[in-house]
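Both backbone and side-chain heavy atoms feed into the values below; hydrogens, waters and symmetry mates do not. The chains referred to below are lettered A, B, ... by the order of the sequence lines, with proteins before strands, and numbering in each begins at 1.
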Amino acid sequence: MIGHHKYSVLLPTYNERENLPVIIWLLTKTFQDNNIDYEIIVIDDNSPDGTLEIAQQLQKIYGEDRILLRPRAGKLGLGTAYVHGIQHATGDFIFILDADMSHHPKFIPEMIRLQQSKNLDVVTGTRYAGNGGVYGWDLKRKVISRGANFLATVLLRPGVSDLTGSFRLYKKEVLTQLISSCISKGYVFQMEMMVRARQFNFTIGEVPITFVDRVFGDSKMGAMEIVSYAQGLLKLFIAV
Amino acid sequence: MTRATEAATFFGITATIYLALLFQWLPITLPQTVQEFTLPVLPWWALVTFGAYSLGNIGYHVLTFRDCPEAFDELQIQIAQAQSDLRSKGVRI
């Protein structure tokens, strides 16, 4: 595709004072090394640990046209963070990824290449196909993950290998339409966006990514999580 | 059609065909072994097959799961790089 493109990165943050400098350093390095026009929109939900303050210091280094700060008054959720961020995005493409460095910006050029080669509406990173992988999961976590993915595939038949992944590239108007049609919250929201994308016949491509889970040991995968995941799946099953 | 209605339609049609064959509502004569032995246990067979497929699928993917320690190592190095570079530019890390 010819023509100039700009990529806006939406970065919702909550208590990421330590991770934010590094992820921004990696993002800006990747964009600069590959000559890609970009902006990074940091949407901080009033983190008590000073995330916004360090974002302001980074803004001084990289420029206010590259690092945009659009903070909010409190922890208001992921979907609304994206809506809030998109309103200020001047790019024609949107990247979303986690601010805790589980997603590595080095996959960005490949995602852009794939998007351009087939003019895809959505490109999603996958941990489960090709050369994708995860660091930091024990056997139990792997079984739960694969079980969850299997269940989601059987029920929703999404056509993507990694349904709960959240490292994605969207055309801006595609993301806007998807967000406005989604009804769920949390990570089920990420799943719903993929299923809706299929529903609206958007074209989707996948790029294998490595996912470094540094929060291992911390039980983010308790029984409650599994139950709410199953509930989310069921809601999507009957709604989409 | 939602995913749920697609599933319901599929199972509805399959169930109707199955029951039609089982209770011989259609003017079709199946071989005796099929009619008396195979058909009645078909649903259970399907269930067990699905269960086995599920376990096999999950087990296979867990066995072939790719760990990526090299990604972790690379990230550690880059974290150190990033922090020292930003510190030198005045960010209080």
Side-chain angles (χ1 to χ4, degrees), chain A residues 17-19 21-26 28-29 50 53-54 57-58 60-62 101-102 104-106 127-137 139 141-151 153-158 161 195 198-199 208-214 234 236-240, chain B residues 1-18 42-93:
Chain A
R17 193 187 204 290
E18 293 210 12
N19 291 325
V22 182
I23 191 71
I24 287 193
W25 188 86
L26 287 170
T28 52
K29 185 169 191 305
E53 191 220 356
I54 206 155
Q57 293 177 42
L58 292 162
K60 285 204 191 66
I61 297 176
Y62 291 106
M101 282 184 288
S102 46
H104 199 302
K106 70 179 176 180
R127 298 163 290 179
Y128 301 141
N131 213 24
V134 178
Y135 174 83
W137 282 359
L139 183 66
R141 184 73 177 82
K142 287 180 195 174
V143 172
I144 293 177
S145 235
R146 290 307 317 197
N149 207 56
F150 179 78
L151 190 60
T153 306
V154 165
L155 282 180
L156 300 176
R157 285 172 291 120
S161 59
V195 187
R198 294 281 288 178
Q199 182 188 42
I209 59 163
T210 51
F211 181 92
V212 177
D213 195 342
R214 306 194 302 153
L234 233 44
L236 288 183
F237 183 60
I238 54 180
V240 181
Chain B
M1 253 201 186
T2 64
R3 292 284 190 259
T5 48
E6 278 175 10
T9 311
F10 170 77
F11 281 113
I13 294 176
T14 317
T16 310
I17 296 176
Y18 171 74
L42 210 53
W44 308 116
W45 172 89
L47 201 63
V48 171
T49 305
F50 177 72
Y53 170 73
S54 307
L55 286 178
N57 182 291
I58 297 175
Y60 169 74
H61 283 296
V62 169
L63 277 175
T64 58
F65 202 98
R66 187 167 108 75
D67 293 305
C68 46
E70 74 281 356
F72 178 77
D73 297 331
E74 179 193 44
L75 186 61
Q76 295 305 102
I77 296 172
Q78 287 176 326
I79 290 175
Q81 259 183 317
Q83 287 176 338
S84 70
D85 183 33
L86 290 172
R87 256 190 221 110
S88 70
K89 294 188 171 129
V91 180
R92 285 185 298 278
I93 301 202

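If you measure heavy-atom distances from A:F150 to chain B, the contacts under 4.5 Å come from the side chain alone. Neither the backbone nor the side chain of B:T5 comes within less than 4.5 Å of any heavy atom of chain A. Contact annotation for A:V240: only backbone heavy atoms (N, CA, C, O) come within less than 4.5 Å of a heavy atom of chain B. For a residue to count as touching a neighbouring chain, one of its non-hydrogen atoms must lie under 4.5 Å from one of that chain's; by this rule B:L75 touches chain A with the side chain only. A:R127 does not touch chain B: none of its heavy atoms, backbone or side chain, sits under 4.5 Å away. Using a 4.5 Å cut-off between heavy atoms, A:Q199 makes no contact with chain B at all. For A:N131, the parts lying under 4.5 angstrom from a heavy atom of chain B are both the backbone and the side chain.
Heavy atoms only, all atoms of each residue included: A:L58 and A:P21 are closest at CD1-CA, 3.7 Å. In this structure, A:S161 and A:A129 approach most closely via the heavy-atom pair OG-CB, 3.5 Å.
Judged as a salt bridge (charged side-chain N to carboxylate O under 4.0 Å, His left out), and not counting sequence neighbours, A:R146 has no contacts. A:L151 pairs by the side-chain contact (heavy atoms from CB on, under 4.5 Å) definition with A:L155, A:L233, not counting sequence neighbours.
For residues 63-70 of chain B, the interface with chain A (any heavy-atom pair closer than 4.5 Å) comprises B:F65, B:R66, B:D67, B:C68, B:P69, sorted by residue number.
Residue pairs meeting the side chain to side chain donor-acceptor pair (under 3.5 Å) criterion with at least one member in residues 71-81 of chain B, sequence neighbours excluded, are A:H104-B:Q78, A:K106-B:E74.
Between A:R17 and A:E53 there is a side-chain heavy-atom pair separated by less than 4.5 Å. Side-chain contact between A:W25 and A:Y62: present, with at least one pair of heavy atoms (C-beta onward) separated by less than 4.5 Å. Contact annotation: the side chain of A:R157 never approaches that of A:R198 to less than 4.5 Å [non-hydrogen atoms, C-beta and beyond].
Counted within 6.0 Å of OH on B:Y53, heavy atoms from surrounding residues, nucleotides or ligands total 12 or fewer; the atom is thus considered open. Residue A:K142 qualifies as enclosed at atom NZ: its count of foreign heavy atoms under 6.0 Å is above 12.
Chosen from A:L156, A:T210, A:L234, the residue pairing most often with chain B at heavy-atom distances under 4.5 Å is A:L156. Ranking B:G90, B:A82, B:A71 against chain A, the residue ahead of the rest is B:A82, based on heavy-atom pairs under 4.5 Å.
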